[in-house]
Novice: 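Here it is: the structure, laid out below.
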Amino acid sequence: SLRLKKEPEGLRLLVQGDYSTENRPKLERLSKLLQPEIRDPALAETFWELALVGQILDDARVVLGEQSVEMELFVAR
């Protein structure tokens, strides 16, 4: 599911879904890239588009379950 919430402080995007276990490493990389401060420059070079998205986010939370993922992305006004 995908939900966009307009809040007084900004916009919050909530994403929930299922994934195949073989895709877990990709989601772990995505989780790192969406953080406002990238900790791994090698990942940023390889996936620079997502790294740019991470730069505009003020907050990001990614929770990986066994076969589910929840993401909450926030951009302040």
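When reading the values below, keep in mind they use all heavy atoms of this one structure, side chains included, and skip hydrogens, waters and symmetry mates.
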Novice: Does Tyr19 use its side chain to pair, donor to acceptor, with the backbone of Leu64 at less than 3.5 Å?
Specialist: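 Not a single qualifying donor-acceptor pair exists.
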Novice: Is Glu28 salt-bridged to Arg24, going by a charged N under 4.0 Å from an acidic O?
Specialist: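 Answer for the salt bridge query: yes.
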Novice: Rounded to the nearest 0.5 Å, what separates atom CG in Leu11 from atom CG in Leu57?
Specialist: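 One gets 11.5 Å once the value is rounded to the nearest 0.5 Å.
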Novice: Considering residues at least two apart in sequence or located in another chain, which fulfil the side-chain contact (heavy atoms from CB on, under 4.5 Å) criterion with Glu7?
Specialist: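 Per chain and number, Glu7 pairs via side-chain contact (heavy atoms from CB on, under 4.5 Å) with Lys5, Glu9, Arg12, Phe74.
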Novice: Would you say CZ of Arg3 has more than 12 non-hydrogen atoms from neighbouring residues, nucleotides or ligands within 6.0 angstrom?
Specialist: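 No - once you tally the heavy atoms of other residues, nucleotides and ligands closer than 6.0 Å, there are 12 at most.
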Novice: With heavy-atom distances below 4.5 Å as the criterion, would you say the side chains of Leu34 and Leu73 are in contact?
Specialist: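 Yes - at least one pair of side-chain heavy atoms lies under 4.5 Å apart.
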Novice: Where is the tightest heavy-atom contact between Thr21 and Gln67, given as atom of each residue plus distance?
Specialist: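 Closest approach of Thr21 to Gln67, heavy atoms only: CG2-NE2, 3.6 Å.
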Novice: Tell me whether Asp18 contacts the main-chain N or O of Ser68 through its side chain, where contact means a donor paired with an acceptor under 3.5 Å.
Specialist: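 Here the side-chain-to-backbone pair does not exist.
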Novice: I'd like to know whether Met71 forms a side-chain contact (heavy atoms from CB on, under 4.5 Å) with Val63, so could you lay out the CA-CA distance, the side-chain angles of the two residues, the decisive distance to 0.1 Å, and finally the verdict.
Specialist: CA-CA 6 Å; Met71 290 190 284; Val63 177; over 6 Å; no
Novice: Is there a side-chain contact between Leu2 and Leu14 in this structure, where contact means two heavy atoms from C-beta onward sitting under 4.5 Å apart?
Specialist: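 The answer is no, as the side chains (C-beta and beyond) never meet within the 4.5 Å cut-off.
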